[in-house]
Each structure stands twice: as C-alpha cells, then as structure tokens.
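Counting starts at 1 for both ligands and their atoms, in listed order. For clarity, every value in this text was computed on a predicted model and none was experimentally measured.
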Amino acid sequence: MTAARCRATSQVRPEVMDFSPYSAGLSIDEIKERYGLDTVVKLASNENPLGASPLVQQVIRSHAGHVFRYAQSGNPRLARSIAAFFGLPAECVVTGNGSDEVIDLLIRAKARPGTDNIVAFDPCFSMYTVLARLCGVELRQTPLNADFSFNWDALVGLTDENTAIVFVTTPDNPSGYTPPVEEIVTLAGRLPEQCLLVVDEAYMDFTGDRDAYSMLPRLMQHPNVCVLRTFSKSMGLAGLRLGFGAMQPELADYLKRIRPPFSVNILAEHAGMAAMEDTVFYNETLRVTAEGREYLNRELAALGCTVYPSRANFIMFQAPIDGGELHEQLLRRGIILRPLNKGYGLPRHMRVSVGSRQENSAFIGAFREIMHAR
Ligand SMILES: *Cc1c(COP(=O)(O)O)cnc(C)c1O
C-alpha cells in the first residue's frame, strides 16, 4: 500500500478535501531571503506601528517562569478586566485565541451544517469564509457598492429563516469604510428573529469616535448583536493571540462551554491586562496612526492613486500602474504591502497598513522611485 492510497490519511471530510487556507501576508524573513535584503518594512497585516508596549514586555518577562502552569480555565480574571475596561457586565465577555477563535465558536455554536446559512458582504474578512466552509455552512454574499459602502437592503435580502449569522465588519477590511452606527442599529432591527448580527470591530479604536461608530456601548439594548474586538491591532498583541466577543450572557455561556479550556494562554492573559493599563502606549498608537494615515492619504493621491477614505489603521488604494507589478517592485525594495487579489478578489487594489513615520516614508520613497523609473 502506497502512502497516497492509504484511506486512513487520504479520506477526509468533503469540506476539507479542496480546502484553500487563509492567505496571510508575506513574512519579513521570506522577503529578506528571497531578495537578499537586510531591512524589510512590513505594511501588510495592520500590526501596531509602535511594536509592543514596554509595560506588556515587562509583564511578559516577569511571568516567563509561570509558563509551566495552565491558565485558569476560561480566563475569568481577564474577562473581568476586559468587562471593566469596556464598561460591560463580565458575564457578557468571551475571550478567545484571537477574535478568530470567537468567530469559529460563534459559527459552530449557531449554524447547523447543511441547513443554516451565514450572510456577509463580498469581499469580506476571509476568516468568515474559511470557517463557514470548514463548518459545512453555506455562506451567502452580496457585493459591496462600487464605492465600497454597504448595501443594507441587499444584505437583508439574503437572509431567511435559516440564517444563523450576519457578519458586518466596521471599519471594514480591506476598504476602511465605516458606516454611522445608526445604520447598524437599523440593520439589527431588520433581521429574522433567530439571526445573530456579529459586528466585527477589530479596527474600531482607530476611528477615535466610538459614539459615532461602535455598537459596543449600545450592546445591551440589542440582544441579537455580538461585538468582536481584538488585542492584535491597537493593543499590539497580534503574535500572542487575544480577542473577545461581547454578547448576551446566555449565548456567552454556550460559547464558554464549547471553548477549549486553555486556548488563551497564560502570557496572553497577563499581557492583555497590561495592555489595557498602558494608556500612554495606546494613546500614542492612535496618534501615530492618525498622523500616518493623513500622510499616506496625501502622498498616495499625489502619486496618482485612487485612495479610499479609511478610519482604520490601513488604507486601500488603486495605483495608476498594474497592482501586481507595483507589489513586485515594492518587494524588491523591501516593502511588503497586501495585494488584494487573493482572498479578497480585487486584482487592482492594494492595502497598506499605516506604519511608523519612517516606515511610511520608506514606502512612499520606494513608490516614487518606481513611478519615476517608468
Ligand atoms: C485583524 C482582524 C481581526 C483580528 O483577528 P485576531 O484573530 O484577533 O488577530 C478580526 N477581524 C478582522 C476583520 C481583522 O482584520
């Protein structure tokens, strides 16, 4: 028997057979090696431009000796801190190994494979697509408007009595579009009664105006809504994996029961609490991001790009030259951006994360050089 014919290893669920994985941004090491570069600027995954908070680093060092312990199952202390920080009842908070895990738990808890459906815009954050497929749940999508704003009527039109979840990302990824929160409140009132509205607010901090855009302060008035937040972006903890969902206690209880007990590790737990305390780092992150976003908007427009208005820590744009060629030319110069062909189906669009002042100007400098060489 050859290995390829071994049914024990070759026979998997039909959903898994042709599975295409989440396509992540290129890593710094890959690009250094491929092009023989010493320094690489990565503006591909919307990571924090200031790195990790010094307080977080100190707390991680001081807990290094505790990693032989399991974290307390369900991270009740962390959940209480998150609840206090965001002004929520503690029983509404479900922590996860990144908000990716909470998305997975929500789909598995709510959607019946082969029966239920999930509704989202197209394009959407590719974890919704990947995890719906893995769970064997139909994903229904409706295109964004041409300017990347949201067509609510079309979204509601896809829902029926078997719609388990509607996903909305605000600010949206990859466009940066952010609807007024009143529109999300209206959407919540228009959905079928069994349907959960999941509002993914991964980038909400960067809007600087939660009253105008966030559902989190309004959560208690809308029992059919769940809000997702992450520590990966504004808090600078992408590599440690920490996110949470805020939802009605009854649903939170179901998620906590099915959640693997130790998926949020002991360092992520301590780091998360320290990140919430470090308001200096957090405020500086927001300041540097707002300033960098202004700069990139201006410079990209001056280079002849179509720039989409963003309230997040990234900007989507369309270059005056072929997107694939621009991406390649930037890589040669050690700048990693996110092309949006794979995963998002936008062959002509690129997404750039707002970096530090030096990173932003290195990117713009390289872009200018590419344009002048033509
Ligand atoms: C980055 C991002 C997240 C966060 O994912 P984590 O698993 O918490 O790192 C969630 N949703 C969207 C739309 C994102 O872009």
Side-chain angles (χ1 to χ4, degrees), residues 21-25 42-49 52 56 75 78 82 86 93-107 118 120-132 134 139 141 144 148 150 165-179 184 197-207 213-216 226-246 255 259-260 263-265 267-269 271-272 275-276 285 289 310-316 337-338 340 342-344 346 349 351-354:
Y22 175 82
S23 98
K42 184 183 175 211
L43 300 173
S45 302
N46 306 333
E47 293 146 338
N48 196 299
V56 164
N75 320 97
L78 174 63
I82 288 173
F86 290 92
V93 173
V94 178
T95 56
N97 186 275
S99 37
D100 288 353
E101 187 183 27
V102 187
I103 295 168
D104 183 39
L105 294 175
L106 285 166
I107 295 176
I118 289 174
F121 286 115
D122 184 17
C124 67
F125 182 48
S126 43
M127 284 309 288
Y128 312 153
T129 325
V130 167
L131 293 171
L134 177 58
L139 177 68
Q141 293 182 276
L144 295 168
F148 288 83
F150 295 164
I165 299 176
V166 169
F167 280 105
V168 172
T169 312
T170 179
D172 200 13
N173 180 10
S175 75
Y177 173 75
T178 313
I184 297 184
L197 173 59
V198 176
V199 185
D200 186 341
E201 299 192 349
Y203 301 99
M204 186 53 70
D205 292 339
F206 300 106
T207 68
Y213 301 110
S214 176
M215 278 303 275
L216 200 56
C226 164
V227 174
L228 300 178
R229 290 289 187 103
T230 178
F231 283 66
S232 297
K233 315 285 164 50
S234 58
M235 301 279 195
L237 298 184
L240 270 183
R241 314 302 302 128
L242 178 60
F244 71 93
L255 262 59
R259 199 195 89 145
S263 62
V264 175
N265 69 72
L267 293 183
E269 177 167 330
M276 289 184 282
T285 296
T289 305
S310 169
R311 296 189 189 274
N313 67 336
F314 54 81
I315 295 175
M316 185 175 78
L337 257 55
R338 185 64 163 262
L340 299 174
K342 272 188 257 155
Y344 292 97
L346 298 167
H349 294 71
R351 191 189 69 195
V352 60
S353 309
V354 179

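- Classification of the Tyr177-Phe150 ring pair by plane angle, with boundaries at 30° and 60°, yields perpendicular.
- Here Phe244 and Phe86 bring their ring centres to under 6.0 angstrom of each other.
- In terms of polar-atom proximity, defined here as any N/O pair under 3.5 Å, Thr169 makes no such contact with ligand 1.
- Of all protein heavy atoms, the one closest to atom 1 (C) of ligand 1 is Lys233 NZ, 1.3 Å.
- In this structure, Asn173 counts as a contact residue of ligand 1, since one of its heavy atoms falls inside 4.0 Å of the ligand.
- Below 3.5 Å of separation, one finds an N or O of Asp200 facing an N or O of ligand 1.
- Counting non-hydrogen atoms of other residues, nucleotides and ligands closer than 6.0 Å to CZ of Arg241 gives a total above 12.
- In this structure, Tyr203 has a heavy atom closer than 4.0 Å to ligand 1.
- Nearest to atom 4 (C) of ligand 1 among the protein's heavy atoms is Ser99 OG, 3.2 Å.
- At least one heavy atom of Ala202 sits under 4.0 Å from some atom of ligand 1.
- Residue Val102 comes nearest to Thr95 through the heavy atom pair CG2-C, 4.4 Å, listed as atom of the first residue, atom of the second, then distance.
- Atom CG of Leu106 is separated from atom CD1 of Ile103 by 8.0 Å, given to the nearest 0.5 angstrom.
- Interface atoms of ligand 1 facing Asp100, defined by a heavy-atom separation under 4.0 Å, are 5 (O), 7 (O).
- At least one heavy atom of Arg241 sits closer than 4.0 Å to an atom of ligand 1.
- A heavy-atom distance below 4.5 Å is found between the side chains of Leu216 and Glu201.
- Looking at Asn48, its side chain does come within 3.5 Å of a backbone N or O of Lys233 through a donor-acceptor pair.
- The contact set between ligand 1 and Thr230, taken as ligand atoms under 4.0 Å from a residue heavy atom, comprises 4 (C), 6 (P), 8 (O), 9 (O).
- Closest protein heavy atom to atom 9 (O) of ligand 1: Ser232 OG, 2.6 Å.
- Less than 6.0 angstrom separates the ring centroid of Tyr203 from the ring centroid of Phe314.
- Near Gly98, with a cut-off below 4.0 Å to any heavy atom, the atoms of ligand 1 are 6 (P), 7 (O), 8 (O).
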